[in-house]
Amino acid sequence: MSDRLIVEFDKALRTLFAPATSVRRVPGSDEPEASMSDRERTHAGALMRINHVGEVCAQALYQGQALTCDDPALREALGRAAREETEHLAWTEHRLEELGSRTSLLNPLWYLGSLGLGALAGRMGDSWSLGFLAETERQVEAHLDSHLSNLPDQDVRSRAIVAQMRLDEIAHARTAESLGARELPPSAILLMKLAARTMTRTAYYV
């Protein structure tokens, strides 16, 4: 456990303070930069900041779940998903730079809160932990759908990133379901939606 804690602490520092890297090419990078008004560019940057926060939270959730999971096969599945989320982190960071925007000032807070939730979910047992993961990914999918509707039409670079992230999140949810995810009670799903709404509204500005 002490070795795992050290590894996860290193991951936390990298997530919050080091540039993320991606094996895959950034989606949309071969597309020309869109011509946008200052208002459109600011709006696109705010939406991509929210997406970046979502990936910070995803890293923390997976790490918290891995810390409290005793099944090696499940830990490996969580690790694979986390590596894809790291790529999402790199893509959104890259796009924020292109848009002249920034990451959220509250990223350490988002990270710590999500780490605690992930550890708690892991403590409840593998089926509940997987259920929490599957529901999280379903809500992220819906959130990304809304961003595809709200990003400026001409911002094809941001749209390409969000579209690929959406496909990856769907795959993560299906993986969790195939591993035995349990359906969460409606009250838990509602609380998750309320927490996500608070996070997204705050991250749009801060």
Side-chain angles (χ1 to χ4, degrees), residues 1 4-20 46-69 74-75 77-93 96 102-126 128-144 146-147 162 165-166 168-173 175-176 181-182 184 187-206:
M1 175 58 75
R4 284 164 61 184
L5 285 172
I6 292 171
V7 169
E8 298 306 324
F9 181 68
D10 179 69
K11 288 180 181 177
L13 292 179
R14 290 176 184 274
T15 298
L16 292 172
F17 303 113
L47 293 181
M48 295 308 288
R49 177 165 53 252
I50 292 172
N51 291 328
H52 183 270
V53 167
E55 298 309 322
V56 169
C57 292
Q59 288 293 310
L61 285 170
Y62 282 123
Q63 288 164 19
Q65 287 175 294
L67 273 174
T68 51
C69 174
L74 180 53
R75 278 206 308 273
L78 292 169
R80 285 195 301 271
R83 286 190 288 274
E84 284 194 350
E85 301 290 359
T86 300
E87 293 193 312
H88 297 175
L89 200 64
W91 299 348
T92 51
E93 282 179 6
L96 282 169
R102 57 167 175 78
T103 59
S104 173
L105 301 176
L106 300 178
N107 274 344
L109 177 63
W110 305 132
Y111 183 91
L112 289 173
S114 298
L115 183 69
L117 284 175
L120 178 61
R123 277 293 186 187
M124 294 174 67
D126 290 347
W128 284 114
S129 180
L130 287 165
F132 179 75
L133 172 58
E135 178 58 32
T136 297
E137 298 293 18
R138 285 192 288 265
Q139 292 190 19
V140 170
E141 179 192 352
H143 152 82
L144 293 175
S146 72
H147 279 200
V162 172
M165 287 169 57
R166 178 182 177 277
D168 291 344
E169 307 300 1
I170 290 172
H172 296 166
T175 297
R182 182 178 295 188
L184 298 185
S187 58
I189 293 173
L190 177 60
L191 285 174
M192 290 172 66
K193 288 181 177 179
L194 291 174
R197 188 178 303 167
T198 300
M199 182 272 287
T200 54
R201 288 180 175 177
T202 304
Y204 186 91
Y205 299 102
V206 184

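The distance from atom OG1 of Thr136 to atom CG of Leu130, rounded to the nearest 0.5 Å, is 11.0 Å. Between the CG atom in Asn51 and the OG1 atom in Thr200 there is a gap of 10.5 Å [rounded to 0.5 Å]. In this structure, CG on Leu194 lies 11.0 Å from CE on Met192, to the nearest 0.5 angstrom. From Leu190, atom CG reaches atom CG of Leu184 across 12.0 Å, with rounding to the nearest 0.5 Å. Taking SG of Cys57 as the start and CG of Asn107 as the end, the distance is 8.0 Å to the nearest 0.5 Å. Atom CH2 in Trp110 sits 11.0 Å away from atom CG in Leu105 (nearest 0.5 Å).
Listed here is the closest heavy atom pair of Phe132 and Leu117: CZ-CB, 4.4 Å. Scanning all heavy atoms of the two residues, the minimum distance from Ser129 to Gln65 falls at OG-NE2, 2.8 Å. Listed here is the closest heavy atom pair of Ala173 and Arg138: CB-CG, 4.5 Å. Nearest approach of Arg49 to Ala203, heavy atoms of both residues: NE-O, 2.9 Å. Heavy-atom minimum distance, Val53 versus Ser104: CG2-CB, 3.4 Å. Between Leu144 and Met165, the shortest heavy-atom distance links the atoms CD1-C, 3.9 Å.
Between the side chain of Gln139 and the backbone N or O of Ala196, no donor-acceptor pair lies under 3.5 Å. Looking at Ser114, its side chain never comes within 3.5 Å of a backbone N or O of Leu61 through a donor-acceptor pair.
Ring geometry for His172 versus Tyr62: interplanar angle over 60°, hence perpendicular rather than tilted (30 to 60°).
Within the 4.5 Å cutoff, the side chain of Ile50 has heavy atoms near those of the His147 side chain. Residues Met48 and His52 fail the side-chain proximity criterion, which asks for heavy atoms closer than 4.5 Å.
Salt bridge Arg166/Glu169: absent, no basic N to carboxylate O contact under 4.0 Å.
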Pair Gln59-Val56, side-chain contact (heavy atoms from CB on, under 4.5 Å): steps then yes or no
CA-CA 5 Å; Gln59 288 293 310; Val56 169; 5.9 Å; no

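For the 3.5 Å distance criterion, the side chains of Glu93 and Thr103 fail to qualify, holding no donor opposite an acceptor.
Within 6.0 Å of CZ on Arg123 lie no more than 12 heavy atoms contributed by other residues, nucleotides or ligands. A 6.0 Å sphere centred on CZ of Arg201 holds no more than 12 heavy atoms belonging to other residues, nucleotides or ligands.
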